[in-house]
Visitor: 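Quick one: the structure is below, and I'll ask about it shortly.
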Protein chains: 2
Amino acid sequence: MRTVDPAKHEAKRRAILDAAAGCFAMKGFEKTTTAEICRAAGISTGSLFHYFPNKRAVFVGIFEQDADETAALLAAAEQIEDPGEAILQVITHVSEQLLHPVIAKLVLEVAAQCSRDADLARLIQGNDRALRDGLVGLVTRAVDAGRIDPGFAPKTVASWLVALVDAPLSRVILEPDLDPAAELAVMKELIARFLRPVLSISPPAGGRVPDTGEISPG
Amino acid sequence: MRTVDPAKHEAKRRAILDAAAGCFAMKGFEKTTTAEICRAAGISTGSLFHYFPNKRAVFVGIFEQDADETAALLAAAEQIEDPGEAILQVITHVSEQLLHPVIAKLVLEVAAQCSRDADLARLIQGNDRALRDGLVGLVTRAVDAGRIDPGFAPKTVASWLVALVDAPLSRVILEPDLDPAAELAVMKELIARFLRPVLSISPPAGGRVPDTGEISPG
DNA sequence: GTCTATATAACGATAGAC
DNA sequence: GTCTATCGTTATATAGAC
């Protein structure tokens, strides 16, 4: 008779992951000790290695949860009739997460780690691409509906939308009294202006817009 | 009779800093050993501590050089008559730097370190603010000249311009075949659309733009 | 100023009792 | 499954000869 309760095991794994996320955000991967994670999770140092083979597996585990969340977010967005609204909802949700200092620190930490750990890089790349590909679908729908400018390829637009939510990250770290609501408002306006159909008589071609005399990209 | 040549001392300091920057970009702060820095710089482990009191001072030293470079960049931009052109030149220069993978890795590493080292954070914050404040001047000139939309405060615009050059950082790390020229082109277009004076009859107030039915920020 | 050699400290991971 | 105790490794920074 097995006394192991898989649900309980999974719950404890989650609890360790949560505790570890806080530690990694605060001190970074290398400087958080396994002992600290155990203390935060309320277990002893030996127990940690019953749930994870090593410290890196704990770190990676945190970001494996993201795939499910992203899938759920995209599935919800795809139910929205207005594709423009759907895009904004996705961007808003992701942005609001990233504007939390703890999340921002964790994201910067994982970005730094990715450049030196190919396995981790593949995981994060997969998460990023899932979000981007979901947005490609929504962008395509929005272009077809005439709601956004067809001047750029949907994939290019989607990539930049994902990049834009990362843009304020360093300010979240450096400027403690940053107002998340204000940042989000500017970002939405920035995106709206980026994507707005050009109001000129001649439709834009090849990513160009009519020269109206202001700052030009060329 | 002093045999010390200050110029030679400074040159060697620079050489160590250059070697260290490569190491830190490749392996991160904690995982690069002082021995590695010394090997890369062609000196022995004892000598390093003749030039820097400890490993962190080497890391910080890399970013102390940035202040001069930013000042020079802004001084050059302020000589340009057209403020829109000046803004684009600054953004382009900074962006081109950040699109190099080695620089990108170093920037992500320092961002991660900043969240845990108040002294380093102050240094980087100073560098960021110097760039931003220089841009505030250029933006103000451009608004007065009617070249960019007055809908946002110059400080807000300048902060976002600085943030925008950071936006592609994670993709630089995750997508090795990213085309820097293409990224820069999209970024310029994005900025142009963000800043373009609104073409409507009623001028925008309070950061709002006329509702034209597409994706809206509210 | 530059080198070799090393003191000292800390961490990740394991062993083995219960 | 969880604990305590500890091993082996590795790194920073210093000491002291030249």
Side-chain angles (χ1 to χ4, degrees), chain A residues 1-62 109-110 112-113 116-117 119-120, chain B residues 1-62 109-110 112-113 116-117 119-120:
Chain A
M1 164 172 155
R2 288 288 219 91
T3 56
V4 202
D5 182 346
K8 213 163 182 178
H9 190 271
E10 183 56 27
K12 194 145 200 174
R13 228 188 90 104
R14 287 281 178 106
I16 294 174
L17 251 22
D18 279 354
C23 296
F24 287 135
M26 200 158 51
K27 305 189 66 178
F29 176 74
E30 280 89 2
K31 295 211 86 175
T32 81
T33 68
T34 54
E36 275 168 343
I37 297 171
C38 293
R39 211 175 312 135
I43 59 174
S44 67
T45 67
S47 287
L48 177 67
F49 295 96
H50 182 71
Y51 292 90
F52 300 92
N54 51 44
K55 187 167 85 161
R56 181 155 289 270
V58 181
F59 188 70
V60 173
I62 294 170
E109 182 66 24
V110 81
Q113 294 292 332
R116 302 181 285 274
D117 178 337
D119 286 337
L120 181 61
Chain B
M1 165 171 155
R2 288 286 220 91
T3 57
V4 201
D5 182 346
K8 214 163 183 179
H9 189 271
E10 183 55 27
K12 195 145 200 174
R13 226 188 91 104
R14 287 281 178 107
I16 295 174
L17 251 22
D18 278 355
C23 296
F24 287 135
M26 200 158 50
K27 306 190 67 178
F29 176 74
E30 279 89 2
K31 294 210 87 174
T32 81
T33 67
T34 53
E36 275 167 343
I37 296 172
C38 293
R39 210 176 311 135
I43 58 174
S44 68
T45 67
S47 287
L48 177 67
F49 295 95
H50 183 70
Y51 292 90
F52 298 93
N54 51 45
K55 186 167 86 161
R56 181 155 290 270
V58 181
F59 188 70
V60 173
I62 294 169
E109 183 65 23
V110 81
Q113 294 293 332
R116 301 182 285 275
D117 178 337
D119 286 336
L120 181 61

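Everything quoted here is computed from the prediction, not taken from an experiment. Just so it is clear: chains get the letters A, B, ... in the order the sequence lines come, proteins before strands, and each one is counted from 1. Just the heavy atoms: all of them, side chains too, but no hydrogens, waters or symmetry mates, feed the values below.
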Visitor: Over all heavy atoms of both residues, which pair between A/Ala20 and A/Val58 is shortest? Give the atoms and the distance, please.
Guide: CB-CG1, 3.5 Å
Visitor: Rounded to whole angstroms, how far apart are CZ on B/Phe52 and C1' on C/dG1?
Guide: 15 Å
Visitor: Could you state the interatomic distance from CZ (B/Arg14) to CG (B/Asp18), rounded to the nearest 0.5 Å?
Guide: 8.0 Å
Visitor: What protein N or O atoms touch nucleotides 4-11 of chain D N or O atoms at under 3.5 angstrom, if any, and at what distances?
Guide:
residue, atom, partner, partner atom, Å
D/dA5, N6, A/Thr45, OG1, 3.4

Visitor: What are the two closest non-hydrogen atoms of B/Phe29 and B/Gln113, and how far apart are they?
Guide: CB-NE2, 3.4 Å
Visitor: Can you check whether A/Tyr51 has a side-chain N or O nearer than 4.0 Å to OP1 or OP2 of D/dT2?
Guide: yes
Visitor: Under 4.0 Å, counting only non-hydrogen atoms across every strand here, what does B/Ile43 touch: a base, just sugar-phosphate, or nothing?
Guide: sugar-phosphate
Visitor: Please tabulate, for side-chain N and O atoms in residues 43-54 of chain B, each donor-acceptor pair with protein atoms closer than 3.5 Å (sequence neighbours left out).
Guide:
residue, atom, partner, partner atom, Å
B/Asn54, OD1, B/Arg56, N, 3.3
B/Asn54, OD1, B/Ala57, N, 3.0

Visitor: Atom CG of A/Leu48 and atom P of D/dT2: how far apart are they, to the nearest Å?
Guide: 11 Å
Visitor: Shortest non-hydrogen contact from B/Thr32 to B/Lys55?
Guide: O-NZ, 2.9 Å
Visitor: Near DNA chain D, which residues from residues 16-26 of chain A have a heavy atom under 4.0 Å away?
Guide: none
Visitor: Using whole Å, what does the distance between atom P of nucleotide D/dC3 and atom NE2 of A/His50 come to?
Guide: 11 Å
Visitor: Counting heavy atoms from C-beta on, name the nucleotide in D/dT14, C/dT2, D/dT2 closest to the side chain of B/Phe49.
Guide: D/dT14
Visitor: So, A/Arg116 and B/Glu109, do they make that salt bridge, N to O below 4.0 Å?
Guide: yes
Visitor: How close or far is atom P of C/dG1 from atom CG of B/Asp5, stated in whole angstroms?
Guide: 9 Å
Visitor: May I ask you to say whether A/Lys31 pairs ionically with A/Glu36, meaning some side-chain N is under 4.0 Å from a carboxylate O?
Guide: no
Visitor: Return the value, rounded to whole Å, for the distance between atom CD1 of A/Ile37 and atom P of C/dG12.
Guide: 8 Å
Visitor: If you compare all heavy atoms of A/Ile37 against all heavy atoms of A/Ala19, which two are closest, and at what distance to 0.1 Å?
Guide: O-CB, 4.4 Å
